[in-house]
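Taking it in order: structure first as structure tokens, then the write-up.
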Amino acid sequence: MNTPARLGTYVLGLAVVFAGAFGVGGAVGATGPEPAKSSHGDHTTPPPAAQKTEHVPGGLQVSQDGYTLTPQTTTITPGTQTEFRFTVDGPDGRPVTAYETQHDKKLHLIVVSRDGVVFRHLHPELSGDGIWSVPLTLPDAGAYRVFADFVPQGGEGLTLGADLYAPGDYAPRALPAPSRTATVEGYTVRLDGTLTPGAASRLTAEITRDGKPVTDLQPYLGAYGHLVALRAGDLAYLHVHPDGAPGDGVTPAGPGITFYAEVPSPGDYRLYLDFQHDGTVHTAAFTVRAERPSGAIPTATADRGSELAHSGH
Ligand SMILES: [Cu+2]
């Protein structure tokens, strides 16, 4: 047997193994007549599930693509309002002063406790020299993550993350159990939809008050709701976008708000939904488990008592 023929047999064997394991039926027929070398290349490619992640989620890095999130301090006394200042330093090493507006703001600042219980969505003020500033109160001692979500002028959107510390006795809380219902300040929010790893998952939040659907939501950050999704374990900051916008003629002002969320892996995610009604912004929080499509549907339980707040709007 000459070398090309031996290779061809080897490749055919590989193709059968792959077809058996992953149901890639057509691959077997395609292998035979092709030159061994190129076929070999094709069939040693791992199946999609085993491929390396090509896109790293946002928020895991303090520095990316030449931009660095630089807090002026990372230690904050708990229970005390502090002026939190930071810069985003650009590729030239200087603070960035020009930003694109996205969702009505030049920068969105999210501060979350590492256990996911405390959540703040803030909009700092930018001074001419590129220093961002916002009043911040961390309620409890512990470790926190701060995310800056922004688009530098002429650049790509980035979410940089840095750790903050509030000194003192620290008792981490368990991530709330998976739940599809949250209550916040008299509102009940029900979340429908399935988080599927590796796909854009459609989620709909339905808002009621006193058992009645809320149909006069107010635009907030260019939408009827703003959703932040963080992965439990590393607080990866995920890409979420609303479906439709106020004033587009088709998107209702409630009770349902629809989003598309992309989660990279199975596991638990903490979702924080901001919505505005009667002039006040509220945040409903959920723990949602992303499972592979064959997995079981998570059961719903009540979820209360998270410490959530907004300011800076
Ligand atoms: Cu924001």
Side-chain angles (χ1 to χ4, degrees), residues 100-112 116-124 134 147 149-151 157 159 176 178-195 200-230 237-263 269-288 300-313:
E100 313 263 2
T101 297
Q102 55 153 353
H103 306 301
D104 280 357
K105 300 287 177 182
K106 292 193 168 179
L107 185 142
H108 302 264
L109 193 78
I110 303 295
V111 181
V112 64
V117 173
V118 178
F119 175 85
R120 303 277 186 271
H121 180 170
L122 308 168
H123 297 114
V134 68
F147 301 97
D149 181 345
F150 62 92
V151 184
T159 303
S179 159
R180 291 313 187 101
T181 306
T183 56
V184 54
E185 291 138 14
Y187 296 86
T188 299
V189 185
R190 193 188 149 70
L191 191 69
D192 288 305
T194 305
L195 277 184
S201 304
R202 190 173 191 272
L203 298 172
T204 299
E206 190 151 297
I207 300 169
T208 56
R209 183 165 63 169
D210 303 326
K212 297 190 194 93
V214 174
T215 56
D216 56 347
L217 291 171
Q218 295 164 325
Y220 174 63
L221 303 175
Y224 285 122
H226 187 271
L227 185 66
V228 169
L230 303 176
Y237 185 100
L238 305 175
H239 181 73
V240 177
H241 67 267
D243 185 33
D248 66 3
V250 293
T251 305
I257 319 168
T258 299
F259 297 92
Y260 288 90
E262 295 167 28
V263 303
Y269 292 82
R270 192 74 175 151
L271 273 49
Y272 307 87
L273 171 69
D274 296 329
F275 61 95
Q276 184 171 319
H277 188 235
D278 285 348
T280 304
V281 177
H282 307 276
T283 303
F286 308 85
T287 299
V288 178
T301 54
D303 174 20
R304 290 160 192 269
S306 293
E307 291 179 47
L308 306 167
H310 336 256
S311 65
H313 301 298

Centroid-centroid under 6.0 Å between Y187 and F275 rings: yes
Donor-acceptor side-chain pairing of D274 and T283 below 3.5 angstrom: yes
Pair D278 + R209: basic N to acidic O under 4.0 Å: yes
Minimal non-hydrogen separation, G254 against L217, with atom names: CA-CD1, 3.8 Å
Test item: Y224 and P219 side chains (from C-beta on) under 4.5 Å apart, heavy atoms: yes
T287 vs L271 side-chain heavy atoms within contact, under 4.5 Å: no
Candidate pair L203 and L195, rule side chain to side chain contact (heavy atoms under 4.5 Å, CB included), full reasoning: CA-CA 8 Å; L203 298 172; L195 277 184; 4.0 Å; yes
Stepwise side chain to side chain contact (heavy atoms under 4.5 Å, CB included) test for I110 and R120: CA-CA 6 Å; I110 303 295; R120 303 277 186 271; over 6 Å; no
Derivation of the side chain to side chain contact (heavy atoms under 4.5 Å, CB included) call for Y260 and V240: CA-CA 6 Å; Y260 288 90; V240 177; over 6 Å; no
Side chain D248, main chain V250, donor-acceptor under 3.5 Å: yes
Distance, nearest 0.5 Å, that separates CG of L221 from CD of Q276: 8.5 Å
pair V189-T208: side-chain heavy atoms closer than 4.5 Å: no
Side-chain H-bond candidate by donor/acceptor type, H108 with H123, under 3.5 Å: yes
Stepwise side-chain hydrogen bond (donor to acceptor under 3.5 Å, both in side chains) check, H282 with H277: CA-CA 8 Å; H282 307 276; H277 188 235; 5.8 Å; no
Aromatic plane relationship, H239 with H241 - under 30° parallel, 30 to 60° tilted, over 60° perpendicular: tilted
Exercise: identify the closest heavy-atom pair between A284 and V184: CB-CG1, 4.0 Å
Interatomic distance, L230 atom CG to Y272 atom OH [nearest 0.5 angstrom]: 5.0 Å
Flag side-chain contact, heavy atom, 4.5 Å: V112 against F147: yes
Side-chain heavy atoms of T181 within contact of T188, under 4.5 Å: yes
Residues D149, Q102; criterion side chain to side chain contact (heavy atoms under 4.5 Å, CB included); working and verdict: CA-CA 9 Å; D149 181 345; Q102 55 153 353; 2.8 Å; yes
Interatomic distance, D104 atom CG to H226 atom NE2 [nearest 0.5 angstrom]: 10.0 Å
Validation row: L191, T204 side chains within 4.5 angstrom (heavy atoms): no
Heavy-atom closest contact (T215 atom, P255 atom, distance): CG2-CD, 3.8 Å
Sub-4.5 Å side-chain heavy-atom contact between Q218 and P246: no
Note, L273 side chain near F259 side chain (heavy atom, < 4.5 Å): yes
